[in-house]
Amino acid sequence: MSENQARKYLAEAQAKETHKGWFGGNKLDEAFDLYQQAGNSFKLAKCWKDAGEAFESAAKVAIKLGEQNDAATQFINASKAFKKDYPQEAINCLKLAVDILTQRGRFHSAATHQKEIAALYETELSNLSEAMAAYELAGEWYGSEDSKAIANSCNLKVAEFAAQLEQYPKAIAIFEKVASDSINNQLAKWSVKEYFFKAGLCHLVVGDPISTQRAFEQYEAMDSSFSQTRECKLLRNLIDAIEQEDVEAFTEHVFEFDQISKLDNWKTSLLLRVKKSIGDESLT
């Protein structure tokens, strides 16, 4: 279907929306359908911005008609078109859809789209602060709907971003909470050492040796197997190196661990912050 046909539908929709009959009647139902047809036709023509704007117009007409569910659906359709090249516009439409969904008590669906907002902030706009806030809200809503696994996945994102933004106490609290929730979960318990490890790295960056030692003892008490893991041994070795201000030992411990268990960028960045505190800014 051509772009010209899409523009024809759009012009007809706009005319129907503004139509005033002799007795005050309007043609909003017809306008709604035509805006949808315009949006779908623009999608086929790969005119993504035009498609998004057409679906957004359909949503606004649906609001005039009192059809909130249809409005939410059209805002979501608009966001899908916008996200191809216009992430901020996609976020704006998703926020409008989320507002409608929460007002109607559809919190699980709202959480799903709130998580999409977070992902757009994270991957398309590289705005960690907004992404963190969006994931945090999604996690709250998933939790309220008893979707604990998805809630925890959102909360772990919040913790990672908090650490990147140097909000270490917040990151530590979340990693520890998710670890505690996972210990007795058959599917999640294998990830506990990872959560304790990340919390431990945050403690090392904070640089409070007494608090760090207490935290490590708490982790070992919560999960008796943690003390035998390579992650725990690395944390113990690193705190010894920090106390002795031994940069070479710190580097060697990190290198040996990385040879077997590759450190990702998040962990590496925190380890660099720790190493900088003892007088070196590289991990080599």
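- The residues D240 and R236 are annotated as not salt-bridged, no charged nitrogen and carboxylate oxygen being separated by less than 4.0 angstrom.
- Summarising the geometry of A134 relative to I117, their closest heavy-atom pair is CB-CG2, 4.2 Å, with the distance given to 0.1 Å.
- In this structure, a donor-acceptor pair under 3.5 Å is present between the side chains of E176 and Y219.
- In terms of modelled atom types and a separation under 3.5 Å, the side chain of T229 and the main chain of C232 share a donor-acceptor contact.
- Closest approach of A241 and F250 over heavy atoms only: CB-N, 3.8 Å.
- Salt-bridge check for K198 with E160: passed, with a basic side-chain N closer than 4.0 Å to an acidic carboxylate O.
- Using a cutoff of 4.0 Å between basic side-chain nitrogens and carboxylate oxygens, D181 and K177 are scored as salt-bridged.
- Here the side chain of S269 pairs a donor or acceptor atom with the backbone of W266 at under 3.5 angstrom.
- Here the shortest heavy-atom pairing between A71 and I63 reads CB-CG1, 3.7 Å.
- In this structure, E245 places its CD atom where only 12 or fewer heavy-atom neighbours from other residues, nucleotides or ligands lie under 6.0 Å away.
- Looking only at distances, no side-chain donor or acceptor of S211 sits under 3.5 Å from a matching main-chain atom of D208.
- At least one test fails for K43 against the ring of W48: distance under 6.0 Å to the centre or angle within 45° of the axis.
- No donor-acceptor pair closer than 3.5 Å links the side chain of D50 to the backbone N or O of F42.
- A donor-acceptor distance shorter than 3.5 angstrom exists from the side chain of T112 to the backbone of H108, with no hydrogens or angles considered.
- Salt bridge annotation for E116-K80: absent, with no cationic side-chain nitrogen under 4.0 angstrom from a carboxylate oxygen.
- Closest approach of V192 and A179 over heavy atoms only: CG2-O, 3.8 Å.
- Contact between L101 and S109 at its shortest, heavy atoms only, is CD1-OG, 3.6 Å.
- Taking 4.0 Å as the cut-off between side-chain N and carboxylate O, K170 and E136 count as a salt-bridged pair.
- Classification of the F197-F257 ring pair by plane angle, with boundaries at 30° and 60°, yields tilted.
- For the residue pair Q88 and N92, a side-chain donor N or O sits within less than 3.5 Å of a side-chain acceptor on the partner.
- Taking a cutoff of 4.0 Å between a charged side-chain nitrogen and a carboxylate oxygen, K16 and E12 do not qualify as a salt bridge.
- Remark: the backbone N or O of W141 is paired with a side-chain donor or acceptor of S144 at under 3.5 angstrom.
- Under the side-chain hydrogen bond (donor to acceptor under 3.5 Å, both in side chains) test applied with Y135, the options K115, E122, Q114 reduce to a single match, E122.
- Judged purely by distance below 3.5 Å, without hydrogens or angles, the side chains of Y9 and Q36 never pair a donor atom with an acceptor atom.
- Between the side chain of T268 and the main chain of N265, no donor-acceptor pair closer than 3.5 Å is present.
- The pair K84-E89 does not meet the salt-bridge criterion, since no charged nitrogen lies less than 4.0 angstrom from a carboxylate oxygen.
- A donor-acceptor contact shorter than 3.5 Å links the side chain of N237 to the backbone of K233.
- At distances below 3.5 Å, at least one donor-acceptor pair connects side-chain atoms of T18 with backbone N or O atoms of Q14.
- In plain terms, the two heavy atoms of S41 and A6 that are nearest each other are CB-CB, 3.5 Å.
- Counting non-hydrogen atoms of other residues, nucleotides and ligands closer than 6.0 Å to CD of Q259 gives a total above 12.
- In this structure, R214 places its CZ atom where only 12 or fewer heavy-atom neighbours from other residues, nucleotides or ligands lie under 6.0 Å away.
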